[in-house]
Amino acid sequence: MQSPLFDQILEIIHIEPLANENNELEITKRITEDGKELYFILNMSNDKRKLPDKFSAYQDLLTGKIASQTLKAWDVEILNK
């Protein structure tokens, strides 16, 4: 969970979060040499977590299927559009 100070700093320097919804997932974005955006989404908990709506139409590169709406405990998805 971010602090209000951290949120304010991000707003001042015009950096948007990768997901606007409050979630308890670890989300990291990487850009490949050819410009493809990859999102690594990790559920680092013992509970199911809802995937942010932003990623609902993305493809999971690990399974070849559309991203799950809910990540199981300790689940990982690597997503792209």
*Asks:* Quick check for you: to the nearest 0.5 Å, what is the distance between Gln59 atom CD and Leu61 atom CG?
*Replies:* 6.0 Å

*Asks:* Is it true that a side-chain atom of Glu77 and a backbone atom of Leu62 form a donor plus acceptor pair closer than 3.5 Å?
*Replies:* no

*Asks:* Using a 4.5 Å cut-off on heavy atoms from C-beta on, say whether the side chain of Asp60 contacts that of Lys65.
*Replies:* no

*Asks:* To the closest 0.5 Å, what do you measure between NZ (Lys54) and CD1 (Ile27)?
*Replies:* 8.0 Å

*Asks:* Cluster question for you: counting only ILVMFWY and a side-chain heavy-atom cut-off of under 4.5 Å, with indirect links fine, are Phe40 and Val76 together?
*Replies:* yes

*Asks:* Roughly how far, to the nearest 0.5 Å, is the OH atom of Tyr39 from the CG atom of Leu25?
*Replies:* 14.5 Å

*Asks:* What's the shortest heavy-atom distance between Met44 and Glu26, and which atoms?
*Replies:* CG-OE1, 4.0 Å

*Asks:* Measure the spacing between OG of Ser68 and CG of Asp75 and express it to the nearest 0.5 Å.
*Replies:* 6.5 Å

*Asks:* Please check this pair: side chain of Asn43 against backbone of Leu71, looking for a donor-acceptor N/O pair closer than 3.5 Å.
*Replies:* yes

*Asks:* State which residues pass salt bridge (Lys or Arg N to Asp or Glu O under 4.0 Å) with Asp34; sequence neighbours excluded, sorted by chain then number.
*Replies:* none

*Asks:* Starting from the C-alpha separation in whole Å, work towards a yes-or-no answer on salt bridge (Lys or Arg N to Asp or Glu O under 4.0 Å) for Lys81 and Glu37.
*Replies:* CA-CA 8 Å; Lys81 275 192 170 178; Glu37 295 180 352; over 6 Å; no

*Asks:* Decide whether Glu24 and Ser45 meet the rule of one side-chain donor and one side-chain acceptor closer than 3.5 Å.
*Replies:* no

*Asks:* Just verifying a value: how many Å separate Ile9 CD1 and Glu11 CD, rounded to the nearest 0.5 Å?
*Replies:* 11.5 Å

*Asks:* If you round to the nearest 0.5 Å, how far is CD1 of Ile78 from CG of Leu38?
*Replies:* 7.5 Å

*Asks:* Could you walk me through whether Ile41 and Leu79 pass side chain to side chain contact (heavy atoms under 4.5 Å, CB included), step by step?
*Replies:* CA-CA 8 Å; Ile41 303 180; Leu79 306 178; 3.4 Å; yes

*Asks:* Are Trp74 and Leu51 grouped together when hydrophobic residues (ILVMFWY) are joined by side-chain heavy atoms under 4.5 angstrom apart?
*Replies:* no

